[in-house]
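Down below is the structure, laid out as structure tokens.
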Amino acid sequence: MLKLVEEMRSAAENGELKELTLSVFSSLIGKRIQTFSYGFDGQDNADDFIVGELISLWDLSGKPETISRSLIKRMKEKMCIVSSSGRNTHIMLNNLHGVFCCGDEDRFILYRIIE
């Protein structure tokens, strides 16, 4: 995975990656992409997967019963990309900007299509 992180960091620095936005998401379903996000203190992240669907954190969580109504509401509003194999990619939709991000809403996801 470290090799992919280094490769994607270089691609990002060379302007070869695009911002992952809601407007392009549906065109990526079923395609293999590689994603990259800058992390805190050099802890960058990269992934390689076939795009599945966009689902709420609530649906992804298994709908636990012992949490507050306000947390349930936030989980239903927060959307996440799941790979075609059902794996949580931890890529979330930033509803304010229509751009996907990692855990921090100001760290946008960059991507490229592989297949």
Side-chain angles (χ1 to χ4, degrees):
M1 185 61 83
L2 182 58
K3 182 179 178 182
L4 179 59
V5 169
E6 291 171 358
E7 182 182 321
M8 294 297 284
R9 184 182 302 122
S10 176
E13 291 168 357
N14 292 328
E16 300 168 17
L17 306 179
K18 301 174 188 173
E19 257 186 6
L20 184 55
T21 64
L22 183 58
S23 63
V24 300
F25 177 78
S26 63
S27 69
L28 297 176
I29 294 173
K31 294 183 180 174
R32 181 175 162 220
I33 65 170
Q34 291 178 330
T35 60
F36 176 77
S37 62
Y38 290 102
F40 177 74
D41 199 23
Q43 296 176 2
D44 301 338
N45 187 43
D47 201 356
D48 185 321
F49 60 94
I50 297 173
V51 178
E53 61 183 324
L54 189 61
I55 67 171
S56 73
L57 284 180
W58 175 250
D59 291 330
L60 192 61
S61 72
K63 303 175 183 170
E65 297 177 15
T66 58
I67 59 175
S68 70
R69 287 185 180 162
S70 63
L71 182 54
I72 290 171
K73 182 179 184 295
R74 285 195 312 262
M75 289 175 74
K76 286 181 177 181
E77 292 171 350
K78 193 75 157 176
M79 303 301 287
C80 177
I81 296 176
V82 177
S83 73
S84 64
S85 65
R87 178 176 61 86
N88 181 353
T89 65
H90 301 281
I91 296 175
M92 310 292 174
L93 178 61
N94 180 324
N95 291 325
L96 297 176
H97 303 288
V99 178
F100 288 92
C101 56
C102 64
D104 297 330
E105 291 198 354
D106 62 343
R107 295 186 193 198
F108 300 128
I109 301 294
L110 303 174
Y111 79 102
R112 65 181 171 193
I113 298 173
I114 300 300
E115 296 175 357

Problem - Evaluation steps, ring pair (Phe, Tyr, Trp, His ring centres under 6.0 Å), between F36 and Y38 - result: CA-CA 7 Å; F36 176 77; Y38 290 102; 4.8 Å; yes
Practice task
Hydrophobic side-chain clustering at under 4.5 Å (ILVMFWY, transitive links): who's grouped with I50? Put none if nobody.
Solution key: none
Handout entry: Closest approach of A12 to L110 (non-hydrogen atoms, all atoms of both residues)
Key = CB-CD1, 3.9 Å
What pairs of donor and acceptor atoms, side-chain ones from residues 64-71 against any protein atom, are under 3.5 angstrom apart with sequence neighbours left out?
residue : atom : partner : partner atom : Å
S68     : OG   : S70     : OG           : 3.2
S68     : OG   : L71     : N            : 3.2

Problem - Which atom of D44 lies closest to which atom of G39, heavy atoms considered - result: OD1-N, 2.8 Å
Problem - Which residues share a ring pair (Phe, Tyr, Trp, His ring centres under 6.0 Å) with F25, sequence neighbours left out - result: F100
Handout entry: Side-chain (S10) to main-chain (E7) donor-acceptor, under 3.5 angstrom
Key = no
Completion exercise
To the nearest 0.5 Å, atom CG of N45 lies from atom CE of M8 at 10.0 Å
Exercise for the section: With sequence neighbours excluded, tell me which residues meet salt bridge (charged side-chain N to carboxylate O under 4.0 Å, His left out) with E77. Expected result: K73
Handout entry: Pairwise distance CE(M92) to CG(L54) - rounded to 0.5 angstrom
Key = 10.5 Å
Practice task
Scan residues 78-95 for pairs that pass salt bridge (charged side-chain N to carboxylate O under 4.0 Å, His left out), counting only residues two or more places apart or in two chains.
Solution key: D47-R87, K78-E105
Completion exercise
Residues pairing under salt bridge (charged side-chain N to carboxylate O under 4.0 Å, His left out) where one sits in residues 21-30, two or more places apart or in two chains, turn out to be none
Handout entry: Main-chain N/O of I81 paired to T89 side chain as donor or acceptor, under 3.5 Å
Key = yes
